[in-house]
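Have a look at the structure below before the remarks.
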Amino acid sequence: MILNSMSQETELIKDRLDIAEVVGEYVQLKRAGRYFKGLCPFHNEKTPSFIVSPDKGIWHCFGACSEGGDIFSFVEKIEGVDFPGALKLLADRAGVTLSTGRQGSKESSDKRQRLFDLLDVTARFYHEVLMNQAAVRKAGDYLQQRGVKKKTRELFQLGYAPAGWDTLQTFLRARGYAPREMLAAGVAGESQGGKLYDRFRGRIIFPITDLQGRVVAFGGRIVPWHETGKEGKYINSPETELYEKRRVVYNLQRAKQHLKHEAPCLVVEGYLDVVMVVQSGVENVVASSGTAFTAEQVGQLKRFTNELHFAFDADAAGFKAAISATQTAMTAGLRVSTVILPAGTDPADIAKRSPAELKRCLAQHRSLVSVLLERLREQGGKKKEEYLRELLPLMARAANVVYQGELVQEVAAALAVPESRIISQLQQAPMDSSIETNIEQGGELSVSPEQYLLGLMIVSVAARQELFSELDDSFILDDAVRMLYKILQGLFKAETAFINWPGEKLLERLPKEQISYAETLRALVEERLERSHRTPAEEGRVLLEGLKRRQLTAQLKCLQGELAAGGAQQRTRALKQFRELAERLAQMEVR
Ligand SMILES: [Zn+2]
């Protein structure tokens, strides 16, 4: 189907897709009446303040970000793409054919497309050099020696970057690419004197792709005959418009096709590990690319799997990395296991030696808790309590309560201590006690009185007529609520009919950026009103009194300070005010 305008296209996509389903792939959502709630994926929180309203097609965070929008803005934010990118992703999903060329800001999407093209051409160039140029036979020999077969080199589009300072540049210039584009794509660097140079020289090249299979960056390993010891053994593309390091997971684009939610995903440290593991016939393997394993990378993996198996290098650094990666993954609610490799080896070594041996190792994964316990025992001479103290912080990270329970059982059995003792100690671990992070146990979403009151002002004409003129921005402490209030106040001043507008009309008149916030407030209030025995105006009255009381109490506290600290004159004045305020407050309590 080809549609005539972009607004028709976006409308059709919104019609076809369920926002709760799309968001639900990134965020664990729980139904609460007409809306869904969950932990906001854009800030760190322990109680849910992220709301999705399927009937309105919007989302909003009531927590630290106080951001919101529609299905497109959500995908833009979570995938780190621009509007055309989100449009494309969602159009594919909805089965809507986009008319080309008019998507969003054409100039910026053209610019991005040129960068993608440049990176694609570069990957092909490096690959061609590796596969076909007799002059660099050595690079092919080197991969041969590391055990990487020809077919595998093709599968991963491995390449070789020649050692010259401008080989790639010359090639790209001839293809019509400008130096600023090479810099923007991260394949060239610029010296202090402003001279351009090829970033990758004398290196085996691993193209890194996004989830749609487009090359966004490169990793490069120095070849032994160009190694001087001064350069990094591995280098990566810098962060660019297309490459956000902390989000990209190497090989996830291929692995995701083999990951069903029940299947665990193997996480290794290096590009070569991934390549060799796949060559051994294990497809569900990824590596964090160019960084330590980040929460964002876990978020990407969580979309496709519930369980990670870490197979890090069997050395001290690898073990440390595994502990930190385990914590990150457990905090995100994933199950985690550790694969123990023979000391001093990495997955690529074993895969080269014997694919069968690799598979045997991978099958023998264990919980990191049990591995840690074993290490502690090897050190010897410790009491049970000391073991427990070392293990508790790790166990406390498990955001998945069922999984945490299993870990408790495991440790209880290994140390022969009662489970109840471990549980009570876990509950006392204040910082890391993540039981409350589990959404199943999360309490009611807390809507503040001022949020609720503003929502009422939108939903209910009666409440608005009775109370709006009594509102005052001094009652409002929350910035987002205050902003919305100021806009309503502006409407009120401009048109007296405002007070009688139905909610729908009022929403139409709000600025675009306020709509998702106001809509979500409305959804929450409507739902709460259904459960309330009061009329909307009565609800509003109760809330307003509460806010006034809060304000008076704060003023009283302030005056108490003045009374204690001020001079005689100041004290007399403060005392007078204090009596007045206290009287007003007392009257309110009586009513
Ligand atoms: Zn948030």
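Nothing here was measured: the structure is a model prediction, and the numbers come from that model. The figures that follow rest on heavy atoms only: side chains count, while hydrogens, waters and symmetry mates do not. Start at 1 and go down the list; that is how both ligands and their atoms are numbered.
You'll find the ring centres of F312 and F319 outside the 6.0 Å limit. For F74 and Y26, the distance between ring centers is under 6.0 angstrom.
Applying the side chain to side chain donor-acceptor pair (under 3.5 Å) rule to E181 yields the partners R114; only residues at least two apart in sequence or on another chain are considered. Under the rule for a side chain to side chain contact (heavy atoms under 4.5 Å, CB included), the partners of H365 that lie at least two apart in sequence or sit in another chain are H309, S337, V339.
Considering K302, R93, K256 in turn, R93 is the only one that fulfils the salt bridge (Lys or Arg N to Asp or Glu O under 4.0 Å) rule with E25.
For the Zn ion (ligand 1), the count of nearby protein N, O or S atoms, meaning those under 2.8 Å away, is 4.
Sorted by first and then second residue, the ring-ring contact (aromatic ring centres under 6.0 Å, His included) pairs involving residues 454-478 (not counting sequence neighbours) are F468-Y485, F468-F492, F468-F498.
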